[in-house]
Amino acid sequence: MAQDEKGAEYWRWTESRWTSPDVNWQDGEVVSAGVDVGSVSTQAVVMVDGKLYCFASMRTGSDSPESANNAMKWALDGTGLTLDGLHATVGTGYGRVNVPFATKAITEIACHARGGNFMYGPTVRTILDMGGQDCKAIHCDERGKVKAFLMNDKCAAGTGRGMEVFADLLGVHINDVGELSLKVEEEPPPVSSTCVVFAKSEASGLLREGWPKEKVLAAYCSAMAHRVVTLLERIGVEPEFAITGGIAKNPGVTTRLSKELGVELKTTDMDTQIAGAVGAALFARALYIKKLRKS
Amino acid sequence: MIANYGYKDGSGDFFISIDTDKCDGCGDCVEQCPAGVFEMVENEFDIEDDDELAAVKPDQSRKLKYACGPCKPAAGFEKAELPCVRACEPDAIDHSW
Ligand code: SF4
Ligand code: SF4
């Protein structure tokens, strides 16, 4: 549903923005916003009365406040809506305290649960967020409230950043990595390490041995899937199960993951990278309504 | 809610879990832990709740195996004897190893 408006280097995911054709902010009572400043990407989302209105998703720059400003500016681009028109904004992600126009900062774990509940529906019980730099497993209830979570941010393996390094090494566009990795006739053994540095040299070795690109990618995608499965063992997978974040768009990892877990993945027609920002915008709406009730 | 902080690597599972429903925000774990693993944070999971909660500091959660390294043998490898677990009256803290 999101359209690409900006080109980027071939191995990088494409930045995007979107406005809903069905929602009008002028008719809304509560206009709330969420900004998810991650280590790799930043998303800004605006919701009108709890409906998705517009969003922008772009790379995080070296400066968090500036990234938040830029993403929101781009999201609002052409809508006629300005920062002053936002009733409340919640910042989330690792740069959540650096969103200059935010009313409050809320942990991305709570936001992903809330956003996942909105995007995949109230039957979702396990959300796996595979983002740029870390991986989180979250159990939530039918209202998107967190019941348990586990976060792994020790290394870049199993993350978007790791996948970018691979795409770069093989000269494959990041958006094509997953599809390409599924083109193998026979599943190769996974690379032995998902640690980016080791995996990279292992992959270079395999290429020299004459492995085709898709086979190397398959070996990496399945190593990544397997690593996440072992991480999930700690918290368990309660159906229904959904993946958010950039890696959710990589079928090379998601199909292998759901196969190994033996559970089906829920799908959404929304951009999986905006889940945290959507959750933040829903929290912003709740905070604003809470404030109105009090006064 | 059960909050799991830590990581898994080749040498094992190193997680500290905090049951936020049990945690009463007393702050005793922060005081008793010799390695400064814990901190008190705002409850960002429930916007209706204004009380503070115990959490593992982000930089500590990436090196728990080492942060807790001296404590484990000192407590005779008994979970119940760890300073953090002993300090926590409502029994909100657990260790995976
Ligand atoms: S085991 Fe010791 S170092 Fe580790 S959290 Fe408990 S009190 Fe702190
Ligand atoms: S000692 Fe237990 S109850 Fe007190 S703050 Fe720490 S975890 Fe919470």
Side-chain angles (χ1 to χ4, degrees), chain A residues 88 90-92 94 96-97 103-111 113-114 134-141 143-155 157-158 192-195 198 227-236 279-280 282-291 293-294, chain B residues 1-23 25 30 35 37-69 79 84 88 90-97:
Chain A
V90 162
T92 190
Y94 105 112
R96 65 180 175 279
V97 293
T103 330
K104 191 181 164 71
I106 293 184
T107 161
E108 59 268 36
I109 292 156
C111 290
R114 191 78 171 249
D134 60 23
C135 184
K136 315 169 194 69
I138 307 163
H139 280 181
C140 62
D141 67 11
R143 289 169 306 146
K145 234 181 138 219
V146 180
K147 285 186 351 202
F149 76 83
L150 180 153
M151 175 151 160
N152 198 19
D153 57 358
K154 201 168 143 71
C155 72
S192 59
S193 169
T194 47
C195 178
F198 289 118
R227 184 169 181 278
V228 174
V229 169
T230 61
L231 187 71
L232 278 167
E233 276 167 9
R234 163 124 233 110
I235 172 164
L282 289 168
F283 273 120
R285 175 177 147 76
L287 282 169
Y288 182 71
I289 292 171
K290 184 183 164 192
K291 200 177 94 189
R293 252 196 341 241
K294 272 194 180 157
Chain B
M1 178 191 60
I2 310 290
N4 289 283
Y5 301 94
Y7 58 91
K8 175 179 190 125
D9 67 12
S11 61
D13 271 32
F14 306 98
F15 287 95
I16 290 182
S17 60
I18 299 178
D19 186 333
T20 59
D21 298 319
K22 286 186 184 167
C23 172
V30 179
V37 164
F38 301 94
E39 64 180 343
M40 298 308 292
V41 296
E42 192 189 339
N43 184 353
E44 291 179 36
F45 292 93
D46 187 350
I47 57 166
E48 303 293 334
D49 187 353
D50 296 324
D51 296 333
E52 288 204 314
L53 285 176
V56 172
K57 291 181 192 159
D59 58 327
Q60 294 285 352
S61 89
R62 279 178 221 122
K63 53 174 191 205
L64 277 186
K65 180 182 174 184
Y66 304 99
C68 299
K79 236 193 276 184
C84 51
C88 184
D91 213 7
I93 300 175
D94 195 14
H95 287 235
S96 70
W97 80 111

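The sequence lines fix the lettering, A, B, ..., with proteins before strands; numbering per chain opens at 1.
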Asker: How far does CG of Leu231(A) sit from CG of Asp13(B), to the nearest 0.5 angstrom?
Answerer: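 Spacing of CG (Leu231(A)) from CG (Asp13(B)) equals 8.5 Å.
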
Asker: Considering residues at least two apart in sequence or located in another chain, which fulfil the salt bridge (Lys or Arg N to Asp or Glu O under 4.0 Å) criterion with Glu42(B)?
Answerer: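 Scan of Glu42(B) (salt bridge (Lys or Arg N to Asp or Glu O under 4.0 Å), adjacent residues dropped) gives Lys104(A).
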
Asker: Please look at Ser96(B) and chain A and tell me whether the side chain, the backbone, both or neither of the residue comes under 4.5 angstrom of a heavy atom of that chain.
Answerer: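 Both backbone and side chain of Ser96(B) come within 4.5 Å of chain A.
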
Asker: Are Ile2(B) and Leu150(A) side-chain neighbours, meaning at least one heavy-atom pair lies under 4.5 Å?
Answerer: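 Result no, sub-4.5 Å side-chain heavy-atom pair not found.
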
Asker: Side chain, backbone, both or neither: which part of Asp46(B) has a heavy atom under 4.5 Å from chain A?
Answerer: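 Answer is side chain: those atoms of Asp46(B) sit under 4.5 Å from chain A.
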
Asker: How many angstroms lie between CE in Met151(A) and OH in Tyr7(B), if you round to the nearest 0.5 Å?
Answerer: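 One finds 15.0 Å between CE of Met151(A) and OH of Tyr7(B).
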
Asker: Can you tell me how far apart SG (Cys140(A)) and CE (Met1(B)) are? Round to the nearest 0.5 Å.
Answerer: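 Going from SG on Cys140(A) over to CE on Met1(B), the span is 12.5 Å.
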
Asker: If you measure from OG1 on Thr20(B) to NZ on Lys147(A), what distance do you get to the nearest 0.5 Å?
Answerer: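 Going from OG1 on Thr20(B) over to NZ on Lys147(A), the span is 12.5 Å.
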
Asker: In terms of heavy-atom proximity below 4.5 Å to chain B, should Lys290(A) be classed as side chain, backbone, both, or neither?
Answerer: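 For Lys290(A), side-chain heavy atoms alone lie under 4.5 Å from chain B.
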
Asker: Could you walk me through whether Ile109(A) and Phe45(B) pass the side-chain contact (heavy atoms from CB on, under 4.5 Å) test, one step at a time?
Answerer: CA-CA 8 Å; Ile109(A) 292 156; Phe45(B) 292 93; 3.7 Å; yes

Asker: If you measure from CZ on Arg227(A) to NZ on Lys8(B), what distance do you get to the nearest 0.5 Å?
Answerer: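 Between atom CZ of Arg227(A) and atom NZ of Lys8(B) there are 10.0 Å.
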
Asker: Rounded to the nearest 0.5 Å, what separates atom CD1 in Ile235(A) from atom CZ in Phe15(B)?
Answerer: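 Output value for this atom pair is 9.5 Å.
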
Asker: Considering only heavy atoms, which portion of Arg234(A) lies under 4.5 Å from any heavy atom of chain B: side chain, backbone, both, or neither?
Answerer: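 When you check distances to chain B, only side chain atoms of Arg234(A) fall under 4.5 Å.
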
Asker: Decide ring-ring contact (aromatic ring centres under 6.0 Å, His included) for Tyr5(B) and Phe149(A); before the verdict, give the C-alpha distance in whole Å, the side-chain angles of both, and the deciding distance to 0.1 Å.
Answerer: CA-CA 9 Å; Tyr5(B) 301 94; Phe149(A) 76 83; 5.7 Å; yes

Asker: Need one label for Ala105(A): side chain, backbone, both or neither, based on atoms under 4.5 Å from any heavy atom in chain B.
Answerer: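 Interface part for Ala105(A): backbone (N, CA, C, O).
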
Asker: Please lay out, stage by stage, how Glu44(B) and Glu108(A) fare under the test side-chain contact (heavy atoms from CB on, under 4.5 Å).
Answerer: CA-CA 9 Å; Glu44(B) 291 179 36; Glu108(A) 59 268 36; over 6 Å; no

